[in-house]
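Report on the structure given below.
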Amino acid sequence: MPLTRPSETGAPLTISGAAHELGITVDTIRYYEKEGSRRPGRGPDGWRRYDADALSWLAGVVMLRGPG
């Protein structure tokens with residue numbers, strides 16, 4: 001699953017942007033975080049922010065979880 005930069009400006013994505021980029025739901029991302037997976041940083045507003053490293057890591061988790 002090829003990933004592009006987090007956004008056109010290079011700024012990290014919100015959780016909804018990350019979900020859209022990865023083709024999964026926001027709830028799926030929250031589930032992975034709840035299960036002890038790597039947690040993203042947060043912006044000054046307190047919202048989760050997903051940079052390129054976090055998106056790549058999540059893409060790997062999604063790939064590994066896919067086969068069951």
Side-chain angles (χ1 to χ4, degrees):
M1 166 182 310
L3 293 175
T4 58
R5 303 189 295 180
S7 73
E8 291 303 314
T9 63
L13 297 173
T14 61
I15 193 169
S16 61
H20 178 75
E21 180 80 16
L22 296 170
I24 58 177
T25 66
V26 168
D27 290 333
T28 300
I29 293 175
R30 287 186 181 133
Y31 171 79
Y32 292 151
E33 290 177 7
K34 184 179 176 185
E35 292 301 309
S37 300
R38 186 169 132 182
R39 294 177 187 249
R42 294 195 178 248
D45 55 7
W47 289 25
R48 293 170 179 91
R49 298 289 185 217
Y50 295 85
D51 60 13
D53 290 337
L55 286 174
S56 293
W57 187 86
L58 269 172
V61 170
V62 169
M63 265 193 320
L64 292 173
R65 295 290 302 227

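Fair warning: this is a prediction, and the values are worked out from it, not measured in the lab.
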(request) Answer yes if I29 and W47 sit in the same cluster of Ile, Leu, Val, Met, Phe, Trp and Tyr residues linked by side chain heavy atoms under 4.5 Å apart, and no otherwise. (result) no

(request) Taking all non-hydrogen atoms of both residues into account, name the closest pair between L22 and A59 and its distance. (result) CD2-CB, 3.8 Å

(message) List the residues meeting side-chain hydrogen bond (donor to acceptor under 3.5 Å, both in side chains) with D27, not counting sequence neighbours, and say none if there are none.
(response) none

(message) Testing the basics here: between R49 and P12, what is the closest heavy-atom pair and its distance to 0.1 Å?
(response) CB-CB, 3.7 Å

(message) If I take atom OH from residue Y50 and atom CG from residue L58, how far apart are they, to the nearest 0.5 angstrom?
(response) 6.5 Å

(request) Please report the closest heavy-atom contact between D51 and A54, naming both atoms and the distance. (result) OD1-N, 2.8 Å

